[in-house]
Amino acid sequence: MKTLKHFVFLTIAAGLFVVSGHQANAQISVGIGVAPTCPYGYYEVPPYNCAPYGYYGPEWFSGGVFIGAGPWFHGPEHFYGHVDHHFDYRHGYHGPFPARGEHRAEHRAEFHGHEMHDAHGREGPRERK
């Protein structure tokens, strides 16, 4: 008798499921928020911390404004720009980092990086000397 009750219950539940088979429209949206406000740009990988002066080369800036990296990149397609791994925490840099919202220094040293990255941190073609 108990098996018969379970069978009847499952039959009714399946019937209701099939009868009410209308389609539901669903939308998925993923927001990444706003880009970090950093004086010399931010690293191209999470958590998108501010990069120190000297990490990015001059081609990463347009009119003194950082063109972005990671999900906020707004430069040209197939872009590769110079970076200096001496200022990369993933390569052992332990020096000072600027805070978000900090202003740029007026006098800056010359850029010395030789590596190339795309906007997502992938290594680019090596330059020939």
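Model, not experiment: these values are computed from the prediction.
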Checklist line | Euclidean distance, His74 NE2 relative to Ile67 CD1, rounded to 0.5 Å | finding: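 If we round to the nearest 0.5 Å, Ile67:CD1 and His74:NE2 are 7.0 Å apart.
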Next item on the list: Find the distance between CZ (Arg90) and NE2 (His85) and round it off to the nearest 0.5 Å.
Entry: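 Spacing of CZ (Arg90) from NE2 (His85) equals 7.5 Å.
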Closest contact, heavy atoms only, [X] versus [Y]:
X: Pro47; Y: Arg100; value: O-NH2, 3.3 Å
X: Pro98; Y: Pro52; value: CD-CA, 3.7 Å
X: Glu44; Y: Ala69; value: CB-CB, 3.7 Å
X: Val83; Y: Trp60; value: CG1-NE1, 4.1 Å
X: Phe79; Y: Phe73; value: CB-CZ, 3.6 Å
X: Phe111; Y: Pro58; value: CD2-CD, 4.1 Å

Do [X] side-chain atoms and [Y] backbone N/O form a donor-acceptor pair below 3.5 Å?
X: His91; Y: His86; result: no
X: His78; Y: Pro76; result: no
X: Tyr40; Y: Phe66; result: no
X: His112; Y: Glu110; result: yes

Close side-chain approach of [X] and [Y], heavy atoms under 4.5 Å:
X: Tyr48; Y: Pro71; answer: yes
X: Glu59; Y: Met116; answer: no
X: Glu123; Y: His117; answer: yes

Notebook entry, point to check: Can Phe87 be reached from Phe61 by stepping across I, L, V, M, F, W or Y side chains whose heavy atoms are under 4.5 Å apart?
Noted result: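 Same cluster.
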Next item on the list: Please report the C-alpha distance between His120 and Asp118 in whole Å, then the side-chain angles of each, then the deciding distance to 0.1 Å, and finally whether the side-chain hydrogen bond (donor to acceptor under 3.5 Å, both in side chains) criterion is met.
Entry: CA-CA 5 Å; His120 303 285; Asp118 71 1; 5.8 Å; no
Next item on the list: Answer yes if the ring centres of Tyr93 and Tyr55 are under 6.0 angstrom apart, and no otherwise.
Entry: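 No, the ring centres sit 6.0 Å or more apart.
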Next item on the list: Report the C-alpha separation of His82 and Glu115 in whole Å, then their side-chain angles, then the decisive distance to 0.1 Å, and conclude whether the side-chain hydrogen bond (donor to acceptor under 3.5 Å, both in side chains) test is met.
Entry: CA-CA 5 Å; His82 288 90; Glu115 296 83 6; over 6 Å; no
